[in-house]
Amino acid sequence: MSINRQVRAAIGTAAFLVVAPGVVTGLVPWLMTGWRQGSARPAAMVAAGAVLTAAGCLVLLQAFGRFALEGVGTPAPPAPTDRLVVGGLYRYVRNPMYLALQAVIIGQVLLLDRPVLLYYAAAVLALTVAFVRLYEEPALARKYGEQYAAYRRAVPGWLPRWPSKR
């Protein structure tokens, strides 16, 4: 594999990170709330929101990095990976990126105390699950065949399987 291909994958992945999650977790919530806070919130609620938002961002960065480095491609459907991405958090759950999006939006709900974002999170979740079921899983099954089938049998889609202590 050439360095040039990895650099292109990294650039494409970074661009997609800004476009897709940047719009879903940044632009749309900002348009909905103007980042204006709702009512006074308990400090614990704000702290939980900050932790959830930060954790979601870290998971997104790690997951996107996996696509460029391990998969040598991007999460964007027009520029998919050469290899199935199964390392890192993908060992425990098949959809860490989508779960991270939810964490960021729910974190914003807690930080801003804006219930409209909770409805938005539900809509994003519904659209995401539909996208995964109707497009992503069939596309991965076609591209990776038995490798994806085995991965799908071994790793849950939405509720992480935590590593056993051996």
Side-chain angles (χ1 to χ4, degrees), residues 1 5-6 9-26 28-29 44-111 117-118 120-166:
M1 151 181 41
R5 179 128 170 82
Q6 276 192 314
I11 291 168
T13 295
F16 189 67
L17 176 67
V18 171
V19 171
V23 168
V24 171
T25 65
V28 172
M45 187 170 143
V46 173
V51 167
L52 202 52
T53 301
C57 289
L58 288 173
V59 168
L60 274 172
L61 291 173
Q62 189 275 346
F64 268 73
R66 283 259 163 218
F67 271 73
L69 299 174
E70 181 182 335
V72 192
T74 77
T81 59
D82 289 342
R83 288 176 275 195
L84 184 63
V85 177
V86 297
L89 296 173
Y90 289 92
R91 293 176 296 181
Y92 310 111
V93 66
R94 292 192 316 266
N95 297 299
M97 271 192 251
Y98 301 134
L99 294 173
L101 292 176
Q102 288 297 307
V104 171
I105 297 168
I106 299 300
Q108 292 170 354
V109 170
L110 296 172
L111 280 167
L117 291 175
L118 197 53
Y120 174 63
V124 168
L125 181 61
L127 289 170
T128 300
V129 170
F131 174 76
V132 167
R133 296 286 180 183
L134 299 174
Y135 172 76
E136 192 170 83
E137 289 178 343
L140 290 170
R142 279 189 304 276
K143 182 167 184 171
Y144 297 109
E146 180 51 37
Q147 182 187 11
Y148 180 67
Y151 174 65
R152 195 168 174 196
R153 286 189 300 271
V155 178
W158 298 100
L159 296 175
R161 175 199 68 201
W162 302 111
S164 60
K165 296 179 183 184
R166 292 183 198 187

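In what follows, every heavy atom counts, from backbone to side chain, and hydrogens, waters and symmetry copies are set aside.
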Return the [atom1] to [atom2] distance between [X] and [Y], rounded to the nearest 0.5 Å.
X: Q102; Y: T25; atom1: CD; atom2: OG1; value: 11.0 Å
X: K143; Y: Y148; atom1: NZ; atom2: OH; value: 13.5 Å
X: N95; Y: E137; atom1: CG; atom2: CD; value: 7.0 Å
X: W162; Y: R91; atom1: CH2; atom2: CZ; value: 11.5 Å

- Task: Give the intermediate values and the outcome of side chain to side chain contact (heavy atoms under 4.5 Å, CB included) for residues V24 and I105.
- Result: CA-CA 9 Å; V24 171; I105 297 168; 4.2 Å; yes
Residues 46-61, side-chain donor-acceptor partners within the protein, below 3.5 Å, at least two apart:
unit_1: T53; atom_1: OG1; unit_2: G49; atom_2: O; d: 2.8

Considering all heavy atoms, the nearest [X]-[Y] contact:
X: P21; Y: L101; result: CB-CD2, 3.8 Å
X: V23; Y: V19; result: CG2-O, 2.8 Å
X: G157; Y: R94; result: N-NH1, 3.4 Å
X: T13; Y: G73; result: OG1-O, 3.1 Å
X: P80; Y: P77; result: CD-O, 3.3 Å
X: G71; Y: T81; result: O-CB, 3.3 Å

Residues two or more places apart in sequence or in another chain: which of them pass salt bridge (charged side-chain N to carboxylate O under 4.0 Å, His left out) with [X]?
X: R142; answer: none
X: E136; answer: none
X: R161; answer: none

- Query: For Y144, what residues pass the ring-ring contact (aromatic ring centres under 6.0 Å, His included) criterion, not counting sequence neighbours?
  - Reply: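 ring-ring contact (aromatic ring centres under 6.0 Å, His included) check on Y144 returns nothing, list empty.
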- ring-ring contact (aromatic ring centres under 6.0 Å, His included) with F67: which residues, sequence neighbours excluded?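 Only Y90 meet the ring-ring contact (aromatic ring centres under 6.0 Å, His included) criterion with F67.
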Sequence neighbours excluded, which residues qualify as side-chain contact (heavy atoms from CB on, under 4.5 Å) partners of [X]?
X: A76; value: F16, T74, P78
X: A150; value: E146, R153
X: L118; value: I106, V109

- Item | Contact list for residues 44-59, test salt bridge (Lys or Arg N to Asp or Glu O under 4.0 Å), sequence neighbours left out |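 Sorted pair list comes back empty.
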Determine all donor-acceptor pairs shorter than 3.5 Å in which one atom belongs to a side chain in residues 124-135; sequence neighbours excluded.
unit_1: T128; atom_1: OG1; unit_2: V124; atom_2: O; d: 2.7

- Item | Partner set under side chain to side chain donor-acceptor pair (under 3.5 Å) for E70, not counting sequence neighbours |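 By the side chain to side chain donor-acceptor pair (under 3.5 Å) rule, E70 matches R66.
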